[in-house]
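On a predicted model such as this, the values are computed, not experimentally measured, just so you know.
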Amino acid sequence: MIVWLNGTHGAGKTTTGPLVQQLIPDSRVFDAEKVGETLMDIAPGLPWTGNFQHWLPWRQLVVDTARRVLDYTGGTLVMPMTVLVEEYWREISTGLAQHDIPVRHFVLHADQETLRERIAGDTVLGPDSPFRLEYLEPYAEAARTWLHTEAEVVDTTHLTPAQAARQIAEAVKN
């Protein structure tokens, strides 16, 4: 099984993912961003599109990597990864379904003010990460048009990451 944690920057995916993993027996965290980083390291580089998710190989490799890891280890993969383009989500979820891999899709949501505060106060990436702010409006649009109907929404505005993780783990167990 895959527990996919979607949502925009500042929603809590990176922090919540390992906490969810600790609550689900026989699970591992797989950060699909690393697949994108690998593709970005190809030299000379692939044609730049502004975001590695626009590269078809990224979406295919995410599916193939998840499938192969699950074939090798079994259990559950917890995947904290923002996907805001509906077509890309369909490609990934359809690809996983073709391999009979069930997906529990959660969106970690917070209001815009909270997201901005979290991004500004981030001690890991720091507030000088303007690219993160650029995703707030695309997230809001995806939430309005398709994302919140495709997933189980966990409003993290007033939850700690540990509380969000418990909520997700309980939903997966039930």
Side-chain angles (χ1 to χ4, degrees), residues 1-18 20-21 24 27-110 112 115 119 122 124-125 129-154 156 168 172:
M1 165 186 274
I2 290 175
V3 176
W4 194 289
L5 305 180
N6 206 338
T8 194
H9 300 282
K13 298 177 310 298
T14 301
T15 306
T16 303
V20 171
Q21 181 272 323
I24 298 176
S27 65
R28 292 168 173 72
V29 175
F30 168 38
D31 184 351
E33 184 124 355
K34 302 298 183 193
V35 174
E37 291 172 7
T38 297
L39 291 173
M40 290 172 58
D41 284 344
I42 293 172
L46 300 176
W48 185 239
T49 60
N51 184 329
F52 60 72
Q53 289 190 16
H54 299 317
W55 290 329
L56 178 62
W58 177 79
R59 300 184 302 276
Q60 294 169 331
L61 286 168
V62 166
V63 170
D64 198 44
T65 304
R67 174 182 68 90
R68 291 181 184 278
V69 169
L70 287 172
D71 285 349
Y72 184 67
T73 64
T76 299
L77 289 181
V78 177
M79 296 182 63
M81 185 71 214
T82 301
V83 178
L84 300 179
V85 177
E86 183 177 11
E87 176 186 344
Y88 299 170
W89 175 251
R90 297 258 177 261
E91 286 178 42
I92 292 167
S93 59
T94 299
L96 295 167
Q98 288 172 342
H99 295 289
D100 297 320
I101 300 170
V103 176
R104 290 292 295 268
H105 185 196
F106 294 89
V107 171
L108 303 187
H109 172 80
Q112 292 281 315
L115 293 169
I119 291 168
D122 189 317
V124 176
L125 291 179
S129 301
F131 79 94
R132 298 169 77 204
L133 294 171
E134 293 172 15
Y135 285 90
L136 295 183
E137 184 48 41
Y139 166 73
E141 178 64 18
R144 280 191 298 273
T145 57
W146 71 274
L147 186 56
H148 282 197
T149 59
E150 284 290 316
E152 300 170 61
V153 178
V154 177
T156 66
I168 292 164
V172 169

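- Atom CG of Leu39 sits about 10.5 Å away from atom CD of Glu37, to the nearest 0.5 Å.
- Rounding to the nearest 0.5 Å gives a distance of 14.0 Å between CE of Met79 and CD of Gln21.
- For the pair Ala32 and Val62, the tightest heavy-atom approach, listed with the atom from each and the gap, is CB-CG2, 3.7 Å.
- Looking only at side-chain heavy atoms (C-beta outward), Thr82 and Asn6 come within less than 4.5 Å of each other.
- Note that the OG1 atom of Thr156 and the CG atom of Leu5 stand 11.0 Å from one another [nearest 0.5 Å].
- Taking 4.5 Å as the limit, some side-chain heavy atom of Ile168 sits within range of a side-chain heavy atom of Leu108.
- A salt bridge is defined here as a Lys NZ or Arg NE, NH1 or NH2 lying under 4.0 Å from an Asp or Glu carboxylate O, and Arg67 with Asp64 meets this definition.
- The side chain to side chain donor-acceptor pair (under 3.5 Å) contacts involving residues 42-56 comprise Asn51-Tyr135, His54-Tyr88, where partners must be two or more places apart or lie in separate chains.
- Minimum heavy-atom separation, Val78 to Gly17: CG1-O, 3.7 Å.
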Pairs under 3.5 angstrom only: tabulate donor-acceptor contacts from the side chains of residues 94-101 to other protein residues two or more places apart or in another chain.
{"unit_1": "Thr94", "atom_1": "OG1", "unit_2": "Arg90", "atom_2": "O", "d": "2.7"}

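- Here His9 and Tyr139 keep their ring centres 6.0 angstrom or further from each other.
- Remark: Thr65 OG1 to Lys34 NZ distance equals 14.0 Å, nearest 0.5 Å.
- Under 4.0 Å is where a charged nitrogen must lie from a carboxylate oxygen, and between Glu86 and Arg144 no such pair does.
- Remark: Arg104 CZ to Ile24 CD1 distance equals 9.0 Å, nearest 0.5 Å.
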Residue pair Val35, Phe30: steps toward the side-chain contact (heavy atoms from CB on, under 4.5 Å) verdict
CA-CA 10 Å; Val35 174; Phe30 168 38; 3.9 Å; yes

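- If you take CG on Leu77 and CE on Met1, they are separated by 11.0 Å, rounding to the nearest 0.5 Å.
- Between Pro18 and Thr14 the shortest heavy-atom distance is CD-O, 3.0 Å.
- Using cut-offs of 30° and 60° for the angle between ring planes, the Trp58 and Phe52 rings count as tilted.
- Classified by interplanar angle (parallel below 30°, tilted 30° to 60°, perpendicular above 60°), the ring pair Trp146/His105 is tilted.
- Heavy atoms only, all atoms of each residue included: Lys13 and Pro80 are closest at O-CB, 3.6 Å.
- Put simply, the side chain of Trp4 reaches to within 4.5 Å of the side chain of Val83, judged on heavy atoms.
- In this structure, the side chains of Pro138 and Leu84 come closer than 4.5 Å at one or more pairs of heavy atoms.
- Heavy atoms only, all atoms of each residue included: Ile119 and Leu136 are closest at CD1-CD2, 4.2 Å.
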